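Right, one structure below, let's go through it.
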Amino acid sequence: MGIEIKLKDGSPLQLKNNVSAYDAAMAISENLARNVCLAKVNGVDVDLRTKLNDGDTLELLKFEQKAGKKAFWHTSSHIMAQAIKRLYPDAMLAIGPAIDNGFYYDIDIEQNFTNDDLEKIEKEMQNIVKENLQLEFYTLSRDDALQWAKDINEDYKVELIEDLPIDETISFYKQGNFVDLCAGPHLMNTGMVKAFKLLQVSGAYWRGDEKNKMLQRIYGISFPDKKQLKEYLVQMEEARKRDHNKLGRELGYFTTIDFIGQGLPLFMPKGAKTLQILERFVEDEEQKRGYQITKTPLIAKSDLFKISGHWDHYRDGMFIMGDPEEKDGETAYALRPMTCPFQYQIYKAETRSYRDLPIRLNETSTLFRNESSGEMHGLIRLRQFTISEAHIMVTPEQLKEEFLGAFDLANFMLEALGLDQDVSYRFSIWDPDNKDKYIGDPQEWQNAQDAMQAILDSTGIEYETGIGEAAFYGPKLDIQIRNVFGKEDTLITIQIDFQLAERFDMVYIDSNGEKKHPHIIHRTSIGCYERTLALLIEKYAGALPLWVAPEQIIILPIAEKHVQGAKDAASRLTAAGFRVKVDSRNEKVGRKIRDAQLEKIPYMLVMGDQEIENKNYSVRQRKAGDLGTMIESDLIERLQHEVDTFAKD
RNA sequence: GCCUGAGUGGCUCAGAGGUAGAGCAAUUCACUCGUAAUGAAUCGGUCGCGGGUUCGAUUCCCGCCUCAGGCUCCA
């Protein structure tokens with residue numbers, strides 16, 4: 001008697017009774033069994049040790065598949081934990097999952113791990129891999145599991161088990177004499193993890209709560225062979241070269257001065273120019289789409305922020321001038337962390353009819369947020385930054401259309417910037433277990449979230465749900481962009497707010513003559529300009545598309561006698577609307593080209609006797625190289641076309 | 001705010017308990033040059049800041065600031 005299962009390609013496979021997915025892999029080929037990381041049985045990812053039943057469909061996943069990687073890295077983290085326990089028996093283990101790029105384990109230990117320790121741990125991991133320990137799976141009752149954790153003084157494991165349901169059966173994996181509480185799935189043995197590297201050690205609060213003890217987290221990466229590890233490390237090295245924080249400084253976009261303060265970059269002419277281009281572009285596009293621009297104060301009395309809820313829910317993030325306690329009737333002022341309450345006053349300054357809605361108010365909004373000192377990072381997290389903010393006041397009937405309008409604008413921006421392939425969407429909802437963080441009652445939250453979810457589902461986009469990621473006044477759609485290191489940051493956000501209109505007593509008169517509170521959409525179309533600049537620098541490795549490049553054309557006179565001709569040409573091209581400079585240094589043309597290439601200037605025009613005599617340009621493009629000669633009108637047409645189409649090279 | 005690591009001329013980096021070097025950049029001069037580095041000379045740092053130890057500190061110790069990567073938080 002045996003069973004028959006169906007493989008991914010539809011072909012049947014005969015097997016004995018009571019065999020596992022791994023046995024099936026062995027039956028197919030030993031080579032496959034050597035490389036398989038995970039099984040997918042009837043469409044569900046499961047451990048390879050899972051027993052198969054007659055009629056099951058089976059897919060075997062290797063490291064190349066995402067889920068296979070996860071299992072691989074999860075086992076890698078166990079290998080690291082085992083090595084740590086061998087070297088430092090007093091270490092207590094917390095959690096050690098696989099992540100998007102590798103794995104980590106959180107460890108509680110007296111001593112601080114140094115790079116030397118990491119090397120030691122790597123050596124011991126090498127041994128564990130060589131020993132090729134089999135991973136055994138077994139389960140225990142909750143009580144037995146608790147006893148196990150207590151016996152070996154694994155306090156964090158005790159806590160983890162205690163949080164599991166009373167009648168839960170708890171699974172374990174054992175390799176050699178190392179046992180870890182774990183839901184799996186895992187590889188079959190430790191021998192598969194042929195190449196790994198421990199990347200860094202950092203602190204991490206137990207359970208992510210800053211009130212808890214800080215543990216030491218070791219991050220690592222691993223691969224089935226050494227070549228892949230090498231490639232990965234080279235790739236990381238390449239990414240570091242594109243890092244906006246390095247490139248942006250090298251290319252003279254921005255700098256920081258330590259006595260000015262953290263998170264307060266200074267934009268030099270090139271950086272400021274690109275920011276200006278982006279701001280104008282956004283403002284123009286918003287005007288086309290029916291927005292009205294406002295300009296509101298950067299500071300306000302605390303009174304405003306008390307009404308908006310910022311004083312109670314966002315004060316830690318605000319720069320406050322004067323005594324926040326406001327003793328003796330003094331009034332504190334604060335730098336604005338958001339523009340919403342200011343724009344609401346513009347809405348309120350007139351009586352609004354339902355016929356006036358939707359009202360779309362945009363503002364190029366400079367904001368100030370007092371981020372904790374460890375938060376700042378390049379141009380990604382700042383204490384002063386500027387966003388393309390807008391608030392759209394709508395009737396309930398207009399909510400969907402206006403939300404989709406904002407979404408369309410966001411997509412338009414992402415396409416223009418060439419970032420549309422790097423996005424992911426997050427539906428950020430509140431955390432019902434942490435109500436203090438939010439204003440409004442649960443029903444209103446539910447309504448706002450339901451409304452947003454319905455709209456999101458109607459667009460067909462794929463999104464993940466971020467619990468506890470909402471703003472304090474409402475749910476958000478966060479449009480996130482991956483940077484060179486694969487890390488995601490929110491660039492654009494569209495939020496639905498059913499709360500603040502009431503707080504601020506914003507009304508419109510509906511068709512029955514009744515006063516109603518509008519719904520409000522908070523949205524950005526490019527989000528934070530500084531962050532956008534950072535992402536552009538990384539995306540294009542500093543070679544910004546022509547339309548956003550701070551310097552578009554550099555003219556390279558061959559000898560001193562050509563400088564005047566170059567300057568004349570620069571004036572003409574500047575008049576035609578381009579950003580042009582002349583390299584009038586006493587250098588050879590090869591040198592000038594090299595420097596212009598390193599500056600990533602899109603177009604170089606070499607100018608010598610021939611060009612001056614023939615009234616044309618010898619055109620060189622930073623990527624394509626020498627394009628030959630062109631007359632001025634052709635050159636202008638070519639460049640204008642690139643600008644108009646947001647060409648990416 | 002917490003953890004780990006780092007801070008030497010504009011940039012990249014070397015160095016060591018006895019008061020600092022290289023390359024690039026910059027400046028000047030010569031060359032007047034055709035698609036990724038012409039040559040020479042010169043300038044430039046109280047070694048992140050403040051304390052302490054020491055005869056002497058940039059080097060050792062302490063505190064702070066800034067930067068990087070994490071955690072928490074977030075555009």
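Within every chain, numbering begins at 1; the chains are lettered A, B, ... in the order of the sequence lines, protein sequences first and strands thereafter. The structure displayed is predicted, hence computed values, not measured ones.
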Requested in this report: Hunt down the Watson-Crick or G-U wobble partner of B/G5, both distances under 3.5 Å, from any strand shown, or write none.
Outcome: B/C67

Query raised in the report: Does A/Phe385 have any ring-ring contact (aromatic ring centres under 6.0 Å, His included) partners at least two apart in sequence or in another chain, and if so, which?
Result: none

**Report entry** Interatomic distance at C1', B/C55 relative to B/A14, whole Å
**Finding:** 29 Å

Requested in this report: Not counting sequence neighbours, which residues clear ring-ring contact (aromatic ring centres under 6.0 Å, His included) with A/Phe427? List them please.
Outcome: A/Tyr463

Query raised in the report: Is the centre of the A/Tyr473 ring less than 6.0 Å from the centre of the A/His522 ring?
Result: yes

Requested in this report: Using the C1' atom as the reference point in each nucleotide, state the distance between B/G34 and B/A20 in Å, no decimals.
Outcome: 44 Å

Query raised in the report: Hey, is the side chain of A/Arg217 pairing donor to acceptor with the base of B/C71 inside 3.5 Å?
Result: no

Report task. Within residues 204-212 of chain A, find the residues that approach RNA chain B with a heavy atom at under 4.0 Å, and present them sorted by residue number. Result -> A/Ala204, A/Tyr205, A/Gly208, A/Glu210

**Report entry** Nearest-Å distance for atom pair CD1/P, residues A/Ile612 and B/G34
**Finding:** 15 Å

Query raised in the report: Can you tell me how far C1' in B/U72 sits from the matching atom in B/C3, rounded to whole Å?
Result: 12 Å

Query raised in the report: Of all heavy-atom pairs between A/Phe196 and A/Met125, which one has the smallest distance, and what is that distance?
Result: CZ-CB, 3.4 Å

**Report entry** Complement of B/C31, any strand, by Watson-Crick or G-U distances under 3.5 angstrom
**Finding:** none

Query raised in the report: Do A/Tyr617 and A/Glu632 have side-chain N/O donor and acceptor atoms under 3.5 Å apart?
Result: yes

Query - A/Gln216 CD - B/C71 P separation (whole Å) - result: 15 Å

Query - Polar contact flag, side-chain donor to acceptor under 3.5 angstrom, A/Arg336-A/Thr296 - result: yes

Query - Complement of B/G17, any strand, by Watson-Crick or G-U distances under 3.5 angstrom - result: none

Report task. Tell me what A/Met604 touches on the nucleic acid: a base, only sugar-phosphate, or nothing, going by heavy atoms under 4.0 Å. Result -> nothing

Report summary line: For residues 619-628 of chain A, the side chain to side chain donor-acceptor pair (under 3.5 Å) pairs (sequence neighbours left out) are A/Gln597-A/Arg620, A/Lys623-A/Asp649

Report summary line: Side-chain contact check for A/Arg594: nearest option of B/C74, B/C67, B/A36 is B/A36

Query raised in the report: Can you list the residues that meet the ring-ring contact (aromatic ring centres under 6.0 Å, His included) rule with A/Tyr291, with sequence neighbours excluded?
Result: none

Requested in this report: Answer with yes or no after comparing the ring centroid distance for A/Tyr88 and A/Phe113 against a 6.0 Å cut-off, counting only values under it.
Outcome: yes

Query raised in the report: Nearest of B/G34, B/A75, B/G70 to any side-chain atom of A/Val606?
Result: B/G34

Query raised in the report: Does a donor on one side chain sit under 3.5 Å from an acceptor on the other, for A/Glu389 and A/Ser365?
Result: yes

**Report entry** Nearest to side-chain heavy atoms of A/Val589, which nucleotide of B/G70, B/G34, B/C67
**Finding:** B/G34

Query raised in the report: With a 6.0 Å cut-off on ring centres, are A/His310 and A/Phe472 close enough?
Result: yes

Query raised in the report: Would you say the base of B/A75 and the side-chain of A/Gln495 have a donor-acceptor pair closer than 3.5 Å?
Result: no

Query raised in the report: Where along residues 548-560 of chain A does a heavy atom fall under 4.0 Å from RNA chain B?
Result: A/Ile558, A/Ala559, A/Glu560

Query raised in the report: Is A/Phe385 stacked on the base of B/A75, with ring centres under 5.5 Å apart and planes under 30° apart?
Result: yes

Query raised in the report: side-chain contact (heavy atoms from CB on, under 4.5 Å) with A/Lys592: which residues, sequence neighbours excluded?
Result: A/Leu556, A/Pro557, A/Asp583, A/Arg585, A/Glu587

Query - A/Gln200 side chain, from C-beta outward: closest of B/C3, B/C67, B/G69 - result: B/G69

Can you check nucleotides 38-47 of chain B for protein contacts, nitrogen or oxygen pairs under 3.5 Å, and list what you find?
residue, atom, partner, partner atom, Å
B/U38, OP1, A/Glu587, OE1, 3.4

Requested in this report: Using only side-chain N and O atoms of A/Lys476, determine if any of them is under 4.0 Å from OP1 or OP2 of B/A75.
Outcome: yes

Query - Short N-O contact, A/Lys476 and A/Asp478, less than 4.0 angstrom - result: yes

List the atom pairs, donor and acceptor, that lie under 3.5 Å between side-chain atoms in residues 261-270 of chain A and the rest of the protein, sequence neighbours left out.
residue, atom, partner, partner atom, Å
A/Gln262, NE2, A/Ser373, O, 3.0
A/Lys270, NZ, A/Leu251, O, 2.8

Query - B/C74 base / A/Arg369 side chain donor-acceptor hit below 3.5 Å - result: no

**Report entry** Touch class at under 4.0 angstrom, heavy-atom based, for A/Asp595 against every strand present
**Finding:** nothing

Report task. Go ahead and name the base partner of B/G10; Watson-Crick or wobble counts if both distances stay under 3.5 Å, otherwise write none. Result -> B/C24

Query - B/G70 versus B/A37 - spacing of their C1' atoms, nearest Å - result: 40 Å

Query raised in the report: Does any donor-acceptor pair link the side chain of A/Glu611 with the base of B/G34 at a separation under 3.5 Å?
Result: yes

Query raised in the report: Which parts of nucleotides 5-10 of chain B does protein reach within less than 4.0 Å, heavy atoms only, written one letter per nucleotide 5' to 3' as B for base, S for sugar-phosphate only and - for none?
Result: ------

Requested in this report: Quote, to the nearest angstrom, the C1' distance that separates B/U32 from B/U38.
Outcome: 11 Å

Query - Listed partners of A/Ser202 passing side-chain contact (heavy atoms from CB on, under 4.5 Å), at least two apart - result: A/Gln200, A/Arg217, A/Tyr219

Requested in this report: For B/G63 and B/A22, measure between their P atoms and round to the nearest Å.
Outcome: 36 Å

Requested in this report: Give one of base, sugar-phosphate or nothing for A/Ile593, where a contact means two heavy atoms less than 4.0 Å apart.
Outcome: base

Requested in this report: Could you give the distance separating B/A36 and B/C73 at their C1' atoms, to the nearest angstrom?
Outcome: 45 Å

Query raised in the report: What distance, rounded to whole Å, do you find between the two C1' atoms, one in B/G56 and one in B/U19?
Result: 8 Å

**Report entry** ring-ring contact (aromatic ring centres under 6.0 Å, His included) partners of A/Trp430, counting only residues at least two apart
**Finding:** A/Tyr438, A/Trp445

Query raised in the report: Using a cut-off of less than 4.0 Å, is there contact between a side-chain N or O of A/Thr490 and OP1 or OP2 of B/C74?
Result: no

